[in-house]
Amino acid sequence: MSHFFKSVRGLGGRVRAFYPKYWDENVKTDEKWAEVYKKMTIKVNVKYRIKHAGMQWE
């Protein structure tokens with residue numbers, strides 16, 4: 001868990017920037033963020049576009 005936590009540590013900064021009211025009411029400190037983060041369910045949406053299909057041989 002600690003390796004994964006370090007990998008997405010920037011998520012806390014984004015939550016603080018985009019949801020300051022939530023941060024001020026529920027989190028407030030980095031230590032509290034660690035607790036909140038461990039209990040979070042994170043949903044990831046990915047949009048992609050395939051530019052080329054197949055293989056090229058050179």
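Remember, predicted model here, so these are calculated numbers, not experimental data.
Using a 4.5 Å heavy-atom threshold, the side chains of Lys43 and Asn45 count as touching.
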For this session: Evaluate side-chain contact (heavy atoms from CB on, under 4.5 Å) for Lys38 paired with Trp33, printing each intermediate quantity in order.
Result: CA-CA 8 Å; Lys38 288 178 185 178; Trp33 170 246; over 6 Å; no

Donor-acceptor contacts under 3.5 Å from residues 11-29 side chains, at least two apart:
from, atom 1, to, atom 2, distance (Å)
Asn26, ND2, Tyr22, O, 3.2
Thr29, OG1, Lys32, N, 3.0

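In this structure Val46 satisfies the side-chain contact (heavy atoms from CB on, under 4.5 Å) test together with Val44, sequence neighbours excluded.
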